[in-house]
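If you're wondering where the values come from, they're calculated on a predicted model, not measured in any experiment. Computed over heavy atoms, backbone and side chain alike; hydrogens, waters and symmetry mates excluded.
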Amino acid sequence: MREWAAGSGEKPLVRLVWRKRLLGQVEVDLTAEVFEACLASEDTAVQRELLARAELSREQLEQLARVGITRAVRNLAAARIRAYRYSAG
């Protein structure tokens, strides 16, 4: 499917295929490699889906707060860090 999307010259279609692939991997198993691929995707929907995951480590949240693709993603990650800080104390 990806080859067809890439060959069609439709950049949004290619992005959609990659988004579906990454979101599927996030659902199955959120490994460090999958997390890095999600960051590298520079896709807001993918990064927001990461934030919806309860199992993100503090380090992963800090990374999203630093390099998230949008200000909204960075702010949401920072808010989760603050909540994490207060719940731990």
Side-chain angles (χ1 to χ4, degrees):
M1 182 172 175
R2 181 175 181 273
E3 292 80 24
W4 175 79
S8 70
E10 298 287 334
K11 199 168 190 171
L13 187 57
V14 172
R15 193 166 197 66
L16 179 64
V17 170
W18 276 105
R19 179 182 294 158
K20 290 183 95 39
R21 185 182 135 266
L22 282 173
L23 291 176
Q25 290 178 335
V26 167
E27 288 297 318
V28 172
D29 188 20
L30 182 57
T31 63
E33 292 80 23
V34 171
F35 180 81
E36 291 299 324
C38 290
L39 283 182
S41 75
E42 297 184 347
D43 188 311
T44 303
V46 171
Q47 291 186 7
R48 280 184 174 261
E49 181 61 31
L50 282 177
L51 287 169
R53 307 292 293 194
E55 72 268 13
L56 285 180
S57 69
R58 183 181 174 93
E59 292 78 26
Q60 289 171 324
L61 287 171
E62 288 172 348
Q63 196 169 2
L64 275 169
R66 274 193 322 274
V67 297
I69 192 64
T70 64
R71 183 172 37 178
V73 167
R74 293 188 300 271
N75 288 343
L76 288 167
R80 287 229 5 227
I81 293 168
R82 285 191 301 275
Y84 182 84
R85 186 178 305 139
Y86 291 124
S87 68

Hydrophobic cluster membership, [X] vs [Y], 4.5 Å side-chain cutoff:
| X | Y | value |
| --- | --- | --- |
| Leu76 | Phe35 | yes |
| Ile81 | Val67 | yes |
| Val34 | Leu61 | yes |

### Task
Using side chain to side chain donor-acceptor pair (under 3.5 Å) as the criterion, list what pairs up with Thr44, not counting sequence neighbours.
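Once residues adjacent in sequence are excluded, Thr44 has no partner under the side chain to side chain donor-acceptor pair (under 3.5 Å) criterion.
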
### Task
Starting at CG of Leu50, measure out to CG of Leu23 and round the result to the nearest 0.5 Å.
8.5 Å

### Query
How long is the gap from CZ on Arg74 to CD on Gln47, to the nearest 0.5 Å?
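Those atoms lie 9.5 Å apart.
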
Do [X] and [Y] have side-chain heavy atoms sitting under 4.5 Å apart?
| X | Y | answer |
| --- | --- | --- |
| Leu51 | Val73 | yes |
| Leu39 | Glu36 | yes |
| Gln25 | Glu33 | no |
| Leu56 | Leu64 | yes |

Listed partners of [X] passing side-chain contact (heavy atoms from CB on, under 4.5 Å), at least two apart:
| X | answer |
| --- | --- |
| Ala72 | Arg48, Thr70 |
| Glu55 | Leu30, Arg53 |
| Arg66 | Glu62, Gln63 |
| Ala45 | Arg19, Asp43 |

#### Entry: For Arg80, all residues meeting salt bridge (Lys or Arg N to Asp or Glu O under 4.0 Å), sequence neighbours excluded
none

### Message
Using every non-hydrogen atom in the two residues, find where Ala65 and Ala78 come nearest and quote the distance to one decimal.
### Response
CB-N, 4.0 Å

### Query
Should side-chain heavy atoms under 4.5 Å link Ile, Leu, Val, Met, Phe, Trp and Tyr, which residues sit in the same cluster as Ile69?
none

